[in-house]
Amino acid sequence: MITIWPQYRDKNLSLSEGRKVSMEYAVAEPTISEIERALKRLGLKYTMDKERAYPGKWYEKSGRALVEWEGTKLELLKEVSLKLKEIKN
């Protein structure tokens, strides 16, 4: 299981603030609902935990997704990010 937080692909954050993908793959202020839609479109098995707070922003309950994935975390983040870009456009 790989944990995905919305902060991992927020282009308004720096790498030190939690962004894990390059600006090419990042989107502005992704929500956990948009991430869930992207995971559904990719046909991945996942569990949503909407009441969790990202450790770097413990005061903000942004939610997280736990995804079953065989590849690397970065590969998963790029796939989800590309779907998020489709959803946001």
Side-chain angles (χ1 to χ4, degrees):
M1 294 290 253
I2 294 178
T3 302
I4 295 182
W5 298 94
Q7 289 81 356
Y8 284 178
R9 63 194 52 74
D10 190 341
K11 75 178 186 179
N12 297 324
L13 299 178
S14 67
L15 292 173
S16 64
E17 291 173 314
R19 182 171 47 85
K20 299 266 189 233
V21 297
S22 68
M23 291 299 277
E24 174 185 353
Y25 294 102
V27 295
E29 300 176 7
T31 65
I32 198 66
S33 299
E34 291 168 339
I35 291 170
E36 184 174 18
R37 285 181 25 215
L39 292 170
K40 278 182 187 172
R41 288 185 185 182
L42 288 167
L44 299 172
K45 290 185 180 182
Y46 64 91
T47 304
M48 300 306 290
D49 198 353
K50 295 184 180 187
E51 292 301 311
R52 289 293 203 162
Y54 181 65
K57 291 191 174 187
W58 52 269
Y59 48 86
E60 187 179 290
K61 291 192 173 162
S62 60
R64 70 176 179 182
L66 301 170
V67 185
E68 288 184 29
W69 181 258
E70 295 298 319
T72 67
K73 186 173 193 167
L74 188 56
E75 290 169 343
L76 174 62
L77 291 176
K78 285 181 180 179
E79 288 292 321
V80 174
S81 293
L82 290 172
K83 276 295 174 204
L84 274 175
K85 282 187 167 227
E86 283 179 23
I87 290 169
K88 284 209 170 251
N89 289 337

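Reckoned from all heavy atoms, side chains included, excluding hydrogens, waters and symmetry mates.
- The salt bridge (charged side-chain N to carboxylate O under 4.0 Å, His left out) search around E75 returns none, not counting sequence neighbours.
- Without hydrogens or angle criteria, R52 side chain to M48 main chain gives no donor-acceptor distance under 3.5 Å.
- You'll find the side chain of L44 stays beyond 4.5 Å of the side chain of E68, heavy atoms only.
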Just distance, no hydrogens or angles: give the donor-acceptor pairs under 3.5 Å from side chains in residues 21-30, sequence neighbours left out.
none

What verdict does the side-chain contact (heavy atoms from CB on, under 4.5 Å) test give for L74 and K20, after you've listed the backbone C-alpha separation in whole Å, the side-chain angles of each residue and the deciding distance to 0.1 Å? CA-CA 8 Å; L74 188 56; K20 299 266 189 233; 5.7 Å; no
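- Separating the CG atom in L84 from the CZ atom in R41 is a distance of 9.5 Å, to the nearest 0.5 Å.
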Test side chain to side chain donor-acceptor pair (under 3.5 Å) applied to T3 and R64, step by step: CA-CA 7 Å; T3 302; R64 70 176 179 182; 4.7 Å; no
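- Side-chain atoms of M1 and V67, non-hydrogen and from C-beta on, never get closer than 4.5 Å to each other.
- Residues K73 and I4 are not in side-chain contact: their nearest non-hydrogen atoms beyond the backbone lie 4.5 Å or more apart.
- Rounded to the nearest 0.5 Å, atoms CG (D49) and CD (E51) are 8.0 Å apart.
- Taking each heavy atom of Y54 and Y8 in turn, the nearest pair found is CE1-CE2, 3.9 Å.
- Taking hydrophobic clusters as Ile, Leu, Val, Met, Phe, Trp and Tyr residues chained together by side-chain heavy-atom distances below 4.5 Å, L13 does not share a cluster with I35.
- Of the inter-residue distances, the one linking K61 atom NZ with I32 atom CD1 reads 14.0 Å to the nearest 0.5 angstrom.
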Please step through side chain to side chain donor-acceptor pair (under 3.5 Å) for the pair S16 and S14, ending with a clear verdict. CA-CA 5 Å; S16 64; S14 67; 3.0 Å; yes
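- Considering only heavy atoms from C-beta on, K50 comes within 4.5 Å of E36 through its side chain.
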Which is it for I2 and L66 under the side-chain contact (heavy atoms from CB on, under 4.5 Å) test, yes or no, and what are the steps along the way? CA-CA 5 Å; I2 294 178; L66 301 170; over 6 Å; no
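- Annotation: the span from Q7 atom CD to R9 atom CZ amounts to 9.5 Å, rounded to 0.5 Å.
- Contact check for Y46 versus K40: side-chain heavy atoms found under the 4.5 Å cut-off.
- Residues passing the salt bridge (charged side-chain N to carboxylate O under 4.0 Å, His left out) test with R19, sequence neighbours excluded: none.
- A donor-acceptor pair under 3.5 Å links the side-chain atoms of E34 to the main chain of T31, judged by distance alone.
- No side-chain heavy atom of S62 sits less than 4.5 Å from a side-chain heavy atom of K57.
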